[in-house]
Every structure is written in C-alpha cells, then in structure tokens.
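Everything below concerns the one structure shown next.
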There are 2 protein chains.
Amino acid sequence: MSAQIQDSKTPSQLNIDCKNCALEKMCFPAKIDAEELVEFNQLVIHHKPAKRGQYWYRAEQQFRSIFVVRSGCVKTLVITRAGNQQIRGFYLPGEMFGLDALGTGRYTTSAQVLQSSSVCEIPFSKLDEICSLLPSLQRQLLHIMSKEIHNEQCLIAMLGNTTAEERVAAFLCSMSQRFSLRGFSANEFILGMPRIDIGNYLGLAVETVCRVITRFQKKRLLTAQGKHIKILKLEQLYETASVTLPCTSAPH
Amino acid sequence: MSAQIQDSKTPSQLNIDCKNCALEKMCFPAKIDAEELVEFNQLVIHHKPAKRGQYWYRAEQQFRSIFVVRSGCVKTLVITRAGNQQIRGFYLPGEMFGLDALGTGRYTTSAQVLQSSSVCEIPFSKLDEICSLLPSLQRQLLHIMSKEIHNEQCLIAMLGNTTAEERVAAFLCSMSQRFSLRGFSANEFILGMPRIDIGNYLGLAVETVCRVITRFQKKRLLTAQGKHIKILKLEQLYETASVTLPCTSAPH
DNA sequence: CGTTGTCTTGACGATTGTCAATGGTTGTGG
DNA sequence: CCACAACCATTGACAATCGTCAAGACAACG
C-alpha cells in the first residue's frame, strides 16, 4: 500500500524559497546564516498544496523525511486495534511533523491533510549529511525535538485534566497560543479541524465538545460560529484550563 | 528556592562505572565503543541512592543536566494554577528524564523521587562538547529524543482513550512493556508509584483506578496486591487498552 | 440546488467523581 | 522487635458528568 500523496497526482516542487518564506523566522533554518540557507533550501522539497484527506505518509512506512506545514492543517493519527482512528496531533503552519520516526526508522503515525495545505519536505538522509557539517543546524534539530517533547508534555497535561471543560479550555488556550506565536491573533482564529477530531483528540464525544463550547459561550468566555473562534476572556479560559500553560511550540 | 537534592545531604559519587552498569545496553552510551565509553563515563555523576520525596530539579530551574534512572522510580510533575500537582511522567531504570529542558534552557517539570532510587547525572555542557567530537553520540542523542517523542505519543494515545478501563489497561500494558524491555518479567512486576499518582497521571480519581483494577481481577485478567501486579491475560489486557501499543522505550 | 458532512440540542442511561469509612502497609523511633 | 504514625488501598452510597442515540439546523461543495 504505497499510499503517499504522490499516488493520485505527482506534486512538483513549487517555486518557493526558504529565504522568502513567511515562516522563515520560526521554521527550521531560523538560526543559520544566509549562505547555509541557500544550501539548506536546495534540499527542501516545497510541495504544491495538497487536498483534504490525502496522506503525507502512513504508519509503518520507512522514515524518509521530516515535514513542515507552510499553510493549512495536518493531523497525525493511528488506527487502534478496534479499527478506529485515534488522533495524535494537529500541526499548524510552521510546525514540524514526522519527528517521531527518527528513532525507530519508521513512521509511527499516519499524517493526513485536514484543510488543504502546503507542506515542505526535508529528506532526512541529506539533512543528516548537512548537519554533520553544520553544528548550528545539528543543534537546531536538537532544539526542535526538545520543543516537540515539551509540546507533547503539554498535551499530556491537557489530557490529564479530568473534566471536559478543562480539556476543551486547555485545547483552545493551546490553539490561541500557537496562532499567536506565529503572528496571528491570539483571540480570534479559525480552527483547522472539525469538532469530531477535537473530540477524538481529547478523548471526548463530539457532543460533549459542542456542549462545552456552548457553555463557554453562555458564560461569555468566547463566541464560536463553527470553526470561527473568538475568545473574549482569555485569562479566564486559562484559569478553566487549570494546567500550567503556556506550553506549545515557540518558534524554533 | 534552591531545592535540589543536594540540600539535605551532599550526595557524593558512587564508585560505579558505565562499563559495569547493568543498564549499559539500554542506556545512553549503548552504541559507542570502549574508548569513547571511558571518556563518557568521566563526565557522568553516579549519584548515591536518593530518598522518596527528594527533588532532582524543579520546574523553572536552569537546565544543567540530563538524568538517567539506575534503580527505583522517579516522577515528573508540574504545579497547576489551582495549586495541585499534575504528574507528567514516570521513569523506570534505564529511562532518561530532563530532556524537555534542552529546547528552552529551563526545566519545564519538577523531578521527584518516588521509590528510593539511584540516578546518574550527565551535565549537558560537557555532553554537548563531547557530542560535537563524536558524531555517533550526537546521533544517539537524537535517537533518544525521538524515542522520547514516540513514548509521549503513546501516552497521549493512552489518555486519548475515553473510558477508565481503557486508560488503566493501557497504563498497565505500557508498564509491562517497559519492564519487559529492561529484562524484567512482562507479567509480574512491582509498580513504583502509588494508586493516587496513577490516577493523577491518567486523569482519573484514585477510587476509579482501584475499582477498575478490582474489576480486572474479577475478570481474571490479573491479580494485584497493592503495588505487586501479576498479569494473567496480557493479550486481553492489550485488547482492553484498545490503542495500538506496543509503544514505550525500546532500549536506546 | 441537492447532497453530504458538520454542528447543535435534547433525553436518558452508564460511568465516574466525591464523600466517608475501614483496614492494610510502610517507615520510624523507641 | 514492637508501637505508633503516616500513608495507602479499597469499598459503598450518591450525585454529577459524560457517552449514546436521535433529530434537526447549518454549511460547504460540486
């Protein structure tokens, strides 16, 4: 089952350069200098936008690349023994996925496009070569991975909360934070994923997610029209989330 | 608040050598050669056993070292806004903690001794130096971090389960696996942590953890006498856990 | 403009948290 | 070795929360 995105159409590279990318400051090459950036740019595959539902890789496939979201939203998931999908993470612009495969040599999750999104692919064999020449890049990679660990610890914090309100609040705070760190508004954003995926991710039924959001609206903490979220009382939302945020993905 | 373990008594180094350590095969220097191991061993601080309740580091403190559990059990935790502790992870012999600090330069959790345990400390500044000389060690560090990411994804999987039975089953399976990977029995082990910490970790009340374990005993899936767990039907426990395990810490 | 998927709400039953009580375990100091 | 004090594990009763089922509104998309 070679079910990569290349199956249906072969996406060619776009004429995009790391140097001009809006994400440059928060992406992989954030701390390397101009000359090195040119070199780095050459190994990156800047894919054309991919449509909803398509896969960047599937669980068990051999590790080949690390990916960075340029726009849109990507989710990672596994299929449980019962045959259900369980969502492991959402990735917003500037965030990196595929890192978990580095240790085992195989992807442990599948990565699927949620909103149509553009993604950059960094083949690891080449990255590894370059890293051994550029200590700063090597260090940058370590930092990104450490941040990833930190992010996941924060997700764990979120899921460790016992009540649905705490979890949903923590989820929204984490989203707010991630958007904010990428230069978007911390108070108003469009969620890239449907409620059912949020529920799956948080270990809650869709209906519970909806009801909690409705409750938050009645308390005037926020307004929500579908995926469009506007947070009115961020501080109070953080209090509801209870756990020690801020947590997620600072620019690398 | 300099609340490290050194406060009460200054633990001196033990006369222990990485070369003779039972964990050598699954620890940090697993893949480096004999000469390099000597060098590596010199930078490791082999601490004397620490007592229950003592801290190895606290959240917000400046990152200085990575730690490896040699024996016993260590938990990492944060204090929530409400002033409660939330447990982020348990670390068994051969497992490494403190990795999340690498990116931010500060520990994001506090690390506290559960069962009295021995720990090795690896000062990072020196490790960083050695790593730039030994590419194999550098690569090993990346692998360890990637594994850590994978582990946490598995925890996320566990917490993403909606029912208490699924969560507790997943927790026990994960423990079974981790013990097994370290050469202990997969079916019979002593949990290093009290029920209340398991509950906290899983987002469940203590009583629920107890009741689920009692239910498992009635179903003859396992027997439990306090912390002593004996799994009778591991396969069925995995089915109850639902999520795709195996997941945790393969030897690095 | 219909089709499909998503969001929202209500009703009800199952699960889980809270409170309270009891017995067991572990560790400490005499 | 014993006695005591913490701490821990377990169980029951009851209330709150959450999942399930069902139905309808809304939105996105071809």
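A, B, ... follow the sequence lines: proteins, then strands. Residue 1 opens every chain.
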Starting at atom [atom1] of [X], determine the distance to atom [atom2] of [N], rounded to an integer number of angstrom.
X	N	atom1	atom2	value
Asp197(B)	dC7(D)	CG	P	13 Å
Ile198(B)	dG17(C)	CD1	C1'	18 Å
Asn84(B)	dG17(C)	CG	P	15 Å
Lys218(B)	dT10(D)	NZ	C1'	11 Å
Ile190(B)	dC8(D)	CD1	P	16 Å
Ile196(B)	dT25(C)	CD1	P	19 Å
Leu114(A)	dA28(D)	CG	P	16 Å
Phe216(B)	dT10(D)	CZ	C1'	16 Å

Any N/O donor-acceptor pair, [X] side-chain to [N] base, under 3.5 Å:
X	N	answer
Arg195(A)	dT9(C)	no
Arg211(B)	dG12(D)	yes
Gln225(A)	dC7(C)	no
Glu207(A)	dC21(D)	yes

Verify, without hydrogens or angle tests, whether Ser176(A) (side chain) and Ala186(A) (backbone) share a donor-acceptor contact under 3.5 angstrom. yes

Looking at [X], I'd like to know whether one of its side-chain N or O atoms comes within less than 4.0 Å of OP1 or OP2 on [N].
X	N	answer
Lys227(A)	dC7(C)	yes
Arg167(B)	dT16(C)	no
Thr214(B)	dT11(D)	yes

Would you check if the distance from the ring center of Tyr91(B) to the ring center of Phe67(B) is below 6.0 Å?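 Between Phe67(B) and Tyr91(B), which both carry aromatic rings, the centre distance is not below 6.0 Å.
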
Classify the nucleic acid contact of Gly53(B) as base, sugar-phosphate or nothing, counting any heavy atom under 4.0 Å across all strands shown.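 If one applies the 4.0 Å heavy-atom cut-off, Gly53(B) turns out to touch nothing in the nucleic acid.
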
Checking all strands, does Leu204(B) fall into the base, sugar-phosphate, or nothing category for heavy-atom contacts under 4.0 angstrom?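 It contacts sugar-phosphate atoms only.
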
If you measure from CE on Met158(A) to OH on Tyr201(A), what distance do you get to the nearest 0.5 Å? 4.0 Å

State whether Phe184(B) and Arg182(B) meet the cation-pi test: NZ (Lys) or CZ (Arg) under 6.0 Å from the six-membered ring centroid, and within 45° of the perpendicular axis. no

Can you name the closest pair of heavy atoms from Leu114(A) and Lys75(A) and give their distance? CD1-CB, 3.8 Å

